[in-house]
Protein chains: 2
Amino acid sequence: MAKNMRERILAAASNLFQARGINATGVDTIVAEAGIAKMTLYNHFKTKEDLVLEVVTRRSREFAERISARLDKSVVDPTEKLYKLFDYVGEWLADPQCSGLPFLKASAEFPQPDNPVHQLSAELSQEFRDYITGLAREAGIREPEALGLQLTMLIEGAVLSEQLSKGSNALEHARQAARILIESAKR
Amino acid sequence: MAKNMRERILAAASNLFQARGINATGVDTIVAEAGIAKMTLYNHFKTKEDLVLEVVTRRSREFAERISARLDKSVVDPTEKLYKLFDYVGEWLADPQCSGLPFLKASAEFPQPDNPVHQLSAELSQEFRDYITGLAREAGIREPEALGLQLTMLIEGAVLSEQLSKGSNALEHARQAARILIESAKR
DNA sequence: GTAAAAGCAGACAGAACGGTATAGCCCGGT
DNA sequence: ACCGGGCTATACCGTTCTGTCTGCTTTTAC
């Protein structure tokens with residue numbers, strides 16, 4: 001049971017943060033959702049902020065690894081990976097329990113640059129961008145940083161648009177834009 | 001003075017929401033920043049949420065009008081407007097007191113779809129997208145909705161990237177991507 | 001000039017916040 | 001058999017939250 005506790009707390013917190021926002025979710029609510037005692041939570045996490053940091057990290061890494069695992073497994077052609085990237089983001093976005101890019105939402109709730117959650121979000125966002133830049137580099141793009149950033153912006157914008165107005169088919173349009181940008185960058 | 005009170009409250013709230021986030025800013029803090037009595041605030045706004053709604057609306061409209069006013073004044077060629085759009089967003093973004101697109105941050109802090117702030121954010125986001133789609137239509141783009149959404153995603157993503165890691169030159173890369181997309185859409 | 005409107009200061013209510021303390025229970029290891 | 005560590009339940013701390021009330025002063029309008 002001991003090992004499960006931590007996971008249960010993280011899962012409960014993750015769900016609540018996603019549904020109501022981080023600042024709007026109290027410790028008591030997390031405790032109730034996880035079905036545990038308050039002291040148990042504070043036995044595993046020093047403060048609420050520590051819990052927030054770990055939840056944000058996990059969710060972001062889960063997202064990134066879910067995408068990259070699929071890409072590594074099913075695609076070999078490096079350029080094809082860039083296209084497939086949008087397919088897999090689309091699948092992730094179609095999941096009804098998906099609620100946006102974790103590091104983006106976290107950074108919006110903690111705008112102050114010196115805030116630990118904000119700094120973590122910036123790092124995770126950078127990781128994601130670096131990953132896409134890496135894909136562009138493997139695909140032999142001349143300026144992989146430029147295309148990587150552009151594709152990242154498209155994905156972030158698409159996720160936001162889809163969240164704000166469902167059914168806008170944002171990701172499909174992002175994919176079409178990406179194709180044009182990739183082709184243009186290869187020439 | 002009576003007319004100024006409202007503006008002073010809105011200005012103070014706007015600054016604080018921008019700097020610390022909406023949920024993290026208490027009414028007492030707003031009152032202190034505005035240099036007024038608490039009852040004066042509640043005399044002008046029924047609840048904090050009412051104040052939030054008006055602040056978000058104003059900031060979003062200010063942004064949109066600042067961009068569109070410049071475009072209408074200085075540019076005549078419809079296609080050129082699409083390019084200049086990124087210049088003016090860039091200038092707005094370079095303003096050190098700028099802190100992201102108001103409706104995006106607000107929607108992140110109030111994720112629940114039935115929340116009034118979230119709904120307002122969705123409407124304001126839609127307004128912005130419609131405006132850009134209108135520009136695309138005037139420029140004779142074949143599928144203005146598609147390009148409008150794509151450019152919107154680029155702008156939103158660029159603003160986020162710039163906020164999360166300053167000096168990434170996100171908007172410049174967004175502009176380059178936009179040029180490619182626009183040229184491709186015109187052909 | 002005077003009365004009504006609006007602003008002020010500060011106390012206050014009731015709830016929620018993050019976090020702590022305490023006392024007991026249950027269960028596994030030896 | 002028993003001991004210790006993790007979990008529970010509950011009460012509690014001080015602070016902060018939104019929102020209200022009151023009594024007094026200033027401004028505004030006619």
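In what follows, chains carry the letters A, B, and so on, assigned in the order in which the sequence lines appear, proteins first and then strands, with residues in each chain numbered from 1. If you're wondering where the values come from, they're calculated on a predicted model, not measured in any experiment.
Across D/dT18, C/dC8, C/dT22, the shortest atom-to-atom separation from the side chain of B/Tyr42 is found for D/dT18. Candidate nucleotides D/dT18, C/dG7, D/dT8 were compared by shortest atom distance to the side chain of B/Asn43, and C/dG7 ranks first. When each of C/dC17, C/dT20, C/dA6 is scored by its nearest atom to the side-chain atoms of A/Asp28, the top-ranked nucleotide is C/dC17. Proximity note for A/Met39 (side chain, C-beta onward) versus D/dT8, C/dC8, D/dC7: the nearest is D/dT8. Here D/dT18 is the nucleotide among D/dT18, C/dC8, C/dG18 with the atom lying nearest to any side-chain atom of B/Val27.
Within a 6.0 Å radius of CD in B/Glu143, no more than 12 heavy atoms belonging to other residues, nucleotides or ligands are found.
Proximity of A/Thr40 to the phosphate of D/dG6: no side-chain N or O atom is located under 4.0 Å from OP1 or OP2. In this structure, A/His44 reaches the D/dC7 phosphate: one of its side-chain N or O atoms is under 4.0 Å from OP1 or OP2.
Within the 4.0 angstrom heavy-atom criterion, no nucleotide atom of any strand lies near B/Thr29.
If you take CZ on B/Arg61 and CG on B/Leu124, they are separated by 5.5 Å, rounding to the nearest 0.5 Å.
With hydrogens and angles ignored, a donor-acceptor pair closer than 3.5 Å exists between the side chain of B/Lys38 and the base of D/dG19.
Atom CZ in A/Arg6 sits roughly 16 Å away from atom C1' in D/dC7 (whole-Å rounding). Distance NZ (A/Lys48) to P (C/dA16): 15 Å, rounded to an integer number of Å. Atom CG in A/Leu41 sits about 14 Å away from atom P in D/dA9, given to the nearest Å. The CG atom of B/Asn23 sits 17 Å away from the P atom of D/dT16 (whole-angstrom rounding). Look at CE on A/Met5: it is 11 Å from C1' on D/dT8, rounded to the nearest Å.
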Working for salt bridge (Lys or Arg N to Asp or Glu O under 4.0 Å), residues B/Glu7 and B/Arg58: CA-CA 11 Å; B/Glu7 302 302 321; B/Arg58 286 209 176 198; 2.8 Å; yes

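A donor-acceptor pair under 3.5 Å links the side-chain atoms of B/His118 to the main chain of B/Phe110, judged by distance alone.
Across B/Ser161 and A/Met153, no two heavy atoms sit closer than the pair OG-CG, 3.9 Å.
Comparing A/Thr47 and B/Gly35 by the nucleotide of DNA chain C that holds the closest heavy atom to each, the one mapping nearer the 5' end is B/Gly35.
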